[in-house]
Amino acid sequence: MTKLIVIILASIAMIPVVFAAETTVPGSEGGIFVAGSFTGISSTPDGTLYLLGRDHRIVRLTPDGQQKSIPLPAIEGVGEDSYFCDMAAGENVLAFCGYAFSGVYVLDLSRPEKLEFIKVVVENKPVNLLMIARGGDGWCVKDAEERVMHVSADGTIRHLPQYGAIELDKYGKAVIIPPPRDMGDRIVYPGNVFREDGQPLWIAPSPESPREIMAVEYLGCDNEQRDIFMVTTASGELDAETSLFAVKHSKVVAKRAIPQPTAMGVMRYCRLAQDGTVLLLLADPNEREGVLVKRISLTSTQPGAG
């Protein structure tokens, strides 16, 4: 079991959260309930949301709140325990990856009866893919060995730099987030973030003691050309707090606290939508068998910022 899998399993631990009232509109911060077990969420440019079901289906949520369950085409020779664990949307397409599949499956939404397959191997060996994101003319994937690769539509594979985020920046380049440093008596997460060419992009603000930075994730660049980060801090095992930061010219222009992950089995519960809002996939607060989908805005917290 790799370090990445351990981190993922730890992140899906159940933590109580207070939610706003539920509504029937995906664009509302109150959220919308969707029945079922899901592993991922993504959005298309027209504002439609897609949830990836563990039972090999997707659920489409239209901007007016309508839901439709769509079964995915069958994959020959796949066992019941093999399922897609992450999904990313492009222009009229959805792409999927999973631990059991050494490649990317692509669904053309105008022809939903067939899945196209792009094989991914490293040194002639299969890989176990866990995460996927849109990346220019192809897809960025991260495997269980924490390697990030760009996969073009023709199958060309390009390795991104070590410690690269799964999402690319506005220039289509990698964002580098160095790992924690072992200081002997404790592990220190510096919070420094760099662009692919080594230039500093941002430094996550240090929390008040005794809290420390536990994780920094890059969610992408929004439609206001702001880099969006998710930062988790804690002083112990049970007091984690997570906040979103919008950064422009290396300065924080907006900040907002968000709930901790609560839905079991979700690969990435917080995603940046293509319209600049942030999507959250959480456990249902009423304990029904399903999830609560929330779309939130990260507005400016400083005069004239953004």
As an exercise, state the distance from [atom1] of [X] to [atom2] of [Y], rounded to the nearest 0.5 Å.
| X | Y | atom1 | atom2 | answer |
| --- | --- | --- | --- | --- |
| F229 | K255 | CZ | NZ | 14.5 Å |
| L94 | R134 | CG | CZ | 10.5 Å |
| I228 | K248 | CD1 | NZ | 10.5 Å |
| Q274 | D222 | CD | CG | 12.5 Å |
| L72 | H56 | CG | NE2 | 4.5 Å |

Could you tell me whether the side chain of [Y] reaches within less than 4.5 Å of the side chain of [X], counting heavy atoms only?
| X | Y | answer |
| --- | --- | --- |
| V293 | L49 | yes |
| L298 | R226 | yes |
| C270 | L244 | yes |
| R181 | P190 | yes |
| N92 | S110 | yes |
| L280 | I258 | yes |
| L130 | D143 | no |
| H150 | D137 | yes |

Under a 3.5 Å distance rule, please check whether [X] uses its side chain to pair with a backbone N or O of [Y] as donor and acceptor.
| X | Y | answer |
| --- | --- | --- |
| R271 | A88 | no |
| T262 | A283 | yes |
| T232 | T242 | no |
| R211 | T233 | yes |
| S43 | G47 | no |
| E196 | P161 | no |
| S42 | Y50 | no |
| N286 | R288 | no |
| S37 | R54 | no |

Just checking [X] against [Y], ring centres under 6.0 Å apart?
| X | Y | result |
| --- | --- | --- |
| W202 | F245 | yes |
| F84 | F101 | yes |
| Y105 | F96 | no |

(request) Enumerate the residue pairs fulfilling salt bridge (charged side-chain N to carboxylate O under 4.0 Å, His left out) with a member in residues 93-112, sequence neighbours excluded, ordered by first and then second residue. (result) D108-R111
If every non-hydrogen atom of [X] is compared with every non-hydrogen atom of [Y], which pair is closest and at what distance?
| X | Y | value |
| --- | --- | --- |
| V151 | V141 | CG2-CG2, 3.9 Å |
| N223 | G276 | OD1-CA, 3.8 Å |
| G90 | W139 | N-CH2, 4.1 Å |
| L168 | G135 | CD1-CA, 3.9 Å |
| G164 | V148 | O-CG2, 3.2 Å |
| V247 | V253 | N-CG2, 4.5 Å |

(request) Sort and list the pairs that fulfil side chain to side chain donor-acceptor pair (under 3.5 Å) and have at least one residue in residues 169-178, not counting sequence neighbours. (result) D169-R195
Connected via hydrophobic side-chain network under 4.5 Å: [X] and [Y]:
| X | Y | answer |
| --- | --- | --- |
| L272 | L61 | yes |
| V127 | Y83 | no |
| V122 | L129 | yes |
| V93 | V120 | yes |
| I75 | L109 | yes |

(message) More than 12 heavy atoms of other residues, nucleotides or ligands under 6.0 Å from CD of E113: yes or no?
(response) yes
(request) Please say whether more than 12 non-hydrogen atoms of neighbouring residues, nucleotides or ligands are located less than 6.0 Å from CD in Q225. (result) yes
(message) With side-chain contact (heavy atoms from CB on, under 4.5 Å) as the test, pick out the partner of V34 among D284, L292, L281, V59.
(response) V59
(message) Can you see whether D64 engages Q66 through a side-chain donor-acceptor pair at a distance of less than 3.5 angstrom?
(response) yes
(message) One pair to check against side-chain contact (heavy atoms from CB on, under 4.5 Å): L279 and R295. What are the steps and the verdict?
(response) CA-CA 5 Å; L279 308 175; R295 186 200 290 270; 3.9 Å; yes
(message) Does Y163 form a side-chain contact (heavy atoms from CB on, under 4.5 Å) with I176? I'd like the steps, not just the answer.
(response) CA-CA 6 Å; Y163 310 128; I176 312 301; 4.1 Å; yes
Donor-acceptor pairs are to be reported for all side-chain atoms of residues 212-221 against protein atoms at under 3.5 Å, with residues two or more places apart or in another chain.
{"unit_1": "E212", "atom_1": "OE2", "unit_2": "R186", "atom_2": "NH1", "d": "2.8"}
{"unit_1": "Y218", "atom_1": "OH", "unit_2": "D227", "atom_2": "OD1", "d": "2.7"}

(request) Kindly write out the residues that satisfy salt bridge (charged side-chain N to carboxylate O under 4.0 Å, His left out) with R268, not counting sequence neighbours, or none if the list is empty. (result) D86, E167
(request) For D46, check salt bridge (charged side-chain N to carboxylate O under 4.0 Å, His left out) against everything at least two apart and list the hits. (result) none
(message) Applying side chain to side chain contact (heavy atoms under 4.5 Å, CB included), can you list everything that pairs with K68, at least two apart in sequence or on another chain?
(response) R60, I70
(request) Starting from the C-alpha separation in whole Å, work towards a yes-or-no answer on side-chain contact (heavy atoms from CB on, under 4.5 Å) for I58 and M87. (result) CA-CA 10 Å; I58 55 175; M87 168 181 63; 4.3 Å; yes
(request) Apply side-chain contact (heavy atoms from CB on, under 4.5 Å) to R147 and K142, showing your working. (result) CA-CA 5 Å; R147 296 173 296 196; K142 176 175 275 192; over 6 Å; no
